[in-house]
Amino acid sequence: MSIYKIKLDHFEGPLDLLLFFIKRDELDIYDIPISKITKEFLEYVNLIKMLDLETAGDFILMASTLMRIKVRMLLPREVDERGGEIDPRNELVQALLEYKRYKELTDELSYMESNQRKLSFRGNFKEDFKVAPPEFDTLLKDITIFDLAKVFRIAIDNLKPEVTHEVKKINITIDEQIMYILDNLLKEAEVSFIKLVSDMHEKIRIVITFIALLELTKIGKIGLKISDGFNDFIIYKLEDGSNIQINN
Amino acid sequence: MDQIYKSIIEALIFSSDDVVPAAELIKTIKGIDGDEIKITEEDIEKSVESLNSNYEQENRAFLIKKIAEGYIFATREEYANYIGFLTLEKSKRRLSQAALETLSIIAYKQPITKPELESIRGVNCDYMLSTLLDKKLINISGRSETVGRPLLYKTTKEFLKYFALNSLADMPKPREIEEIMQDEDFLEQKRKIMMNAIEEEVEKETADETSNDNEAE
Amino acid sequence: MDQIYKSIIEALIFSSDDVVPAAELIKTIKGIDGDEIKITEEDIEKSVESLNSNYEQENRAFLIKKIAEGYIFATREEYANYIGFLTLEKSKRRLSQAALETLSIIAYKQPITKPELESIRGVNCDYMLSTLLDKKLINISGRSETVGRPLLYKTTKEFLKYFALNSLADMPKPREIEEIMQDEDFLEQKRKIMMNAIEEEVEKETADETSNDNEAE
């Protein structure tokens with residue numbers, strides 16, 4: 001693991017974390033060593049359990065993207081319409097560069113914000129109520145049916161963003177999911193990830209299961225291998241993991 | 001008292017959202033520069049007087065007024081009619097916006113009760129309803145069956161006449177408006193793209209007519 | 001333009017509780033003194049410049065800023081800490097890094113949909129969007145024509161005011177991607193920033209254990 005002490009919530013997202021690796025190790029962004037970076041990324045994702053799990057989802061999505069790229073790197077390259085080989089990393093590189101561009105602008109905005117905070121606008125305005133209210137006849141002067149319709153739409157639209165967040169508490173722990181995975185591996189020697197999570201309806205449950213997987217991989221209880229399908233992988237039991245205790 | 005405090009006093013009275021008592025000004029200055037700073041209410045008063053005589057000399061449009069609770073900036077009387085005009089324009093705009101919004105919701109959601117209307121607008125609508133009733137743009141069409149049986153409002157013939165509509169069915173659908181209401185730039189771009197497409201079409205047609213084996217690029 | 005209008009312009013901007021566009025100043029002056037008065041936006045701009053150079057000479061604690069295509073009085077920077085003390089920083093909290101990042105993407109790419117925004121940031125943006133909508137820094141500007149017709153977002157006047165910008169054109173220009181790559185200090189300079197941040201983070205961690213409410217909303 002890295003010699004640097006890093007808290008994951010310091011990063012704005014998975015792209016930010018990847019950019020950090022690239023900067024720290026002085027990697028060529030056009031030639032990212034994908035195995036190395038995937039490994040490191042997964043290590044960090046493993047730390048996510050210290051964080052709120054809403055953030056974890058985005059990191060885990062990136063972990064699966066990295067794993068997919070890693071697999072594609074081993075396969076014969078796809079070719080574009082001009083016959084050139086397509087680097088499986090292209091999309092990721094473009095995303096990283098685009099993100100970096102806005103990251104720089106964010107710094108500038110932050111600087112502008114600090115400057116603006118030093119200004120105070122003039123305060124203390126007492127409106128002069130001696131002025132009579134305007135005659136109603138002038139209020140709807142020159143108004144067309146289009147204006148009317150437009151205003152209606154805006155009034156309705158302004159209602160939409162008021163989303164009420166309903167918090168549904170799902171009691172689920174990493175340890176529980178570790179048991180769940182091990183139970184599955186008792187029945188069968190190998191199980192695919194998709195199959196493992198196929199009955200799960202809540203995103204959070206899948207996320208926790210993934211973390212449990214990483215945990216088990218880390219302590220050497222299970223192994224992971226690539227499945228035939230690009231978006232899946234196989235989990236199998238390791239013999240020598242039996243002496244490792246799971247903290248409960 | 002240091003001269004710099006005259007400017008600080010000016011800045012503080014200027015930016016405050018309320019009348020500032022002299023004691024607050026002193027507290028602030030000591031809070032930042034330390035308790036050992038010597039500054040009294042009399043110093044404040046003198047600074048304000050000095051500021052005001054600066055403003056007078058320089059013909060500024062404002063001055064600092066001392067009222068019971070403290071200090072406050074105010075514009076000079078001679079500009080009252082200009083300022084009145086500007087604020088009147090502003091309140092006019094606000095009112096006409098409110099009238100339009102109320103009327104539009106009634107038009108599209110009719111018949112509608114006051115509670116429903118208020119929940120959409122997020123503000124009390126008594127004044128707007130009575131004004132619109134007064135002008136006969138809306139009327140009462142009955143009572144709702146819901147709790148409290150509130151009155152139902154709908155638009156009138158007068159409303160149709162006002163907007164030169166034959167019937168309510170002629171009102172634009174919210175969906176149609178949605179399409180029109182894209183950003184100006186977006187519309188402009190869309191127009192350009194469409195114009196280009198039409199031009200290309202026209203060019204192609206003319207080219208097709210003259211020679212039939214002309215490859216279009 | 002008559003010299004008297006310089007004072008009237010001063011009075012009008014001074015009395016207004018928000019940014020005043022030049023067009024409104026002209027409308028007000030013509031509304032009171034008659035349509036035949038010759039006064040242009042350029043005259044307004046010159047008057048404001050002249051007022052500002054007066055303030056500078058006279059060492060006033062404030063000046064007129066041009067923000068969001070209009071004019072507003074503001075205090076000079078050097079008094080910020082005194083004003084902050086008096087107003088107790090008025091709940092003037094800074095935006096979080098995530099909010100700034102989201103805003104910068106919306107500002108440059110507007111109008112932009114949530115899916116586009118999320119694909120650039122690589123994270124879910126629901127919470128950020130609702131926070132920024134709440135603060136009126138962004139608004140809904142319509143719907144995109146793409147699949148699902150997602151809502152489009154753009155920045156508001158309040159956004160310009162928050163960053164003291166006259167217009168969006170005053171924002172720093174984003175660099176071309178090629179340019180970012182050629183950057184020698186792409187590795188060096190940013191790493192330093194990162195390392196500093198991490199050190200701070202470690203320091204903060206100990207502080208965090210005692211108080212837990214450092215994040216803005």
Side-chain angles (χ1 to χ4, degrees), chain B residues 3-18 20-21 24-33 51 54-55 57-63 73-90 93 175 177-187 190, chain C residues 3-18 20-21 23-33 51 54-55 57-63 73-88 90 110-112 140-145 149 151-154:
Chain B
Q3 267 305 299
I4 179 72
Y5 291 117
K6 197 171 114 180
S7 294
I8 292 168
I9 290 163
E10 185 181 36
L12 288 172
I13 301 171
F14 182 89
S15 67
S16 174
D17 277 340
D18 216 333
V20 201
E24 293 263 321
L25 294 171
I26 294 170
K27 201 171 130 197
T28 302
I29 289 169
K30 293 194 169 180
I32 296 288
D33 291 347
L51 284 166
N54 292 161
Y55 301 152
Q57 266 165 34
E58 298 148 11
N59 238 327
R60 293 277 76 87
F62 44 78
L63 75 168
F73 264 102
T75 46
R76 289 189 197 279
E77 284 175 15
E78 50 261 56
Y79 306 104
N81 51 346
Y82 293 95
I83 293 164
F85 187 94
L86 187 67
T87 36
L88 182 67
E89 284 294 305
K90 266 194 211 157
R93 219 175 309 131
R175 224 186 160 70
I177 294 303
E178 222 163 80
E179 274 159 31
I180 305 168
M181 276 198 50
Q182 301 292 346
D183 260 34
E184 305 271 13
D185 284 2
F186 182 86
L187 272 182
K190 202 168 154 188
Chain C
Q3 267 307 300
I4 177 73
Y5 290 118
K6 196 172 116 180
S7 294
I8 293 169
I9 290 163
E10 184 182 38
L12 287 172
I13 301 171
F14 196 85
S15 70
S16 180
D17 57 358
D18 208 345
V20 201
E24 265 181 49
L25 296 171
I26 294 171
K27 197 172 151 196
T28 303
I29 290 170
K30 292 194 170 181
I32 296 287
D33 290 349
L51 285 165
N54 292 162
Y55 302 151
Q57 267 165 34
E58 298 149 11
N59 240 325
R60 292 277 75 86
F62 44 77
L63 77 168
F73 265 100
T75 51
R76 290 189 197 279
E77 290 183 5
E78 48 261 56
Y79 307 104
N81 50 349
Y82 294 96
I83 293 167
F85 188 95
L86 182 65
T87 55
L88 288 171
K90 263 190 226 157
Q110 59 187 306
I112 187 175
I140 294 163
S141 71
R143 282 180 189 282
S144 158
E145 289 299 325
R149 299 183 46 73
L151 293 172
L152 287 164
Y153 298 90
K154 60 168 186 171

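Here is the naming used below: chain letters follow the sequence lines, and residue numbers restart at 1 for every chain.
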Quick one: list whatever passes salt bridge (charged side-chain N to carboxylate O under 4.0 Å, His left out) with K27(C), sequence neighbours left out. E89(B)
If every non-hydrogen atom of S15(B) is compared with every non-hydrogen atom of T75(C), which pair is closest and at what distance?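 That closest heavy-atom pairing would be CB-CG2, 4.0 Å.
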L51(B) CG to E58(C) CD distance, which is reported to the nearest 0.5 Å: 11.5 Å
Distance col, row I32(B):CD1 vs L86(C):CG, nearest 0.5 angstrom, shows 10.0 Å
Heavy atoms only, distances under 4.5 angstrom: which of S16(C), A74(C), A61(C) has the most pairs with chain B? Name it, please. A61(C)
Any idea which of V20(C), L12(C), T28(C) has the most non-hydrogen atom pairs under 4.5 angstrom with chain B?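 So the answer, after comparing V20(C), L12(C), T28(C), is T28(C).
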Please name all residues satisfying side-chain contact (heavy atoms from CB on, under 4.5 Å) with S7(B), sequence neighbours left out, ordered by chain then number.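 For S7(B) the side-chain contact (heavy atoms from CB on, under 4.5 Å) partners, ignoring immediate neighbours, are Y79(C).
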Heavy-atom pairs under 4.5 Å with chain C - which of N81(B), L25(B), I29(B), I83(B) has more of them than the others?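 Among N81(B), L25(B), I29(B), I83(B), the one with the most close pairs to chain C is I83(B).
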Any non-hydrogen side-chain atom of D17(C) less than 4.5 Å from a side-chain atom of K90(B)? yes
Answer yes or no: is there a side-chain heavy-atom contact under 4.5 Å between R60(C) and N54(B)? yes
Can you confirm whether or not the ring centre of F62(C) sits under 6.0 Å from the ring centre of F62(B)? yes
Under 4.5 Å heavy-atom distance to chain C, tell me which part of N59(B) shows up: side chain, backbone, both or neither. backbone
Name the region of Y82(B), side chain, backbone, both or neither, that has any atom closer than 4.5 Å to a heavy atom of chain C.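 Contact with chain C is through both the backbone and side chain of Y82(B).
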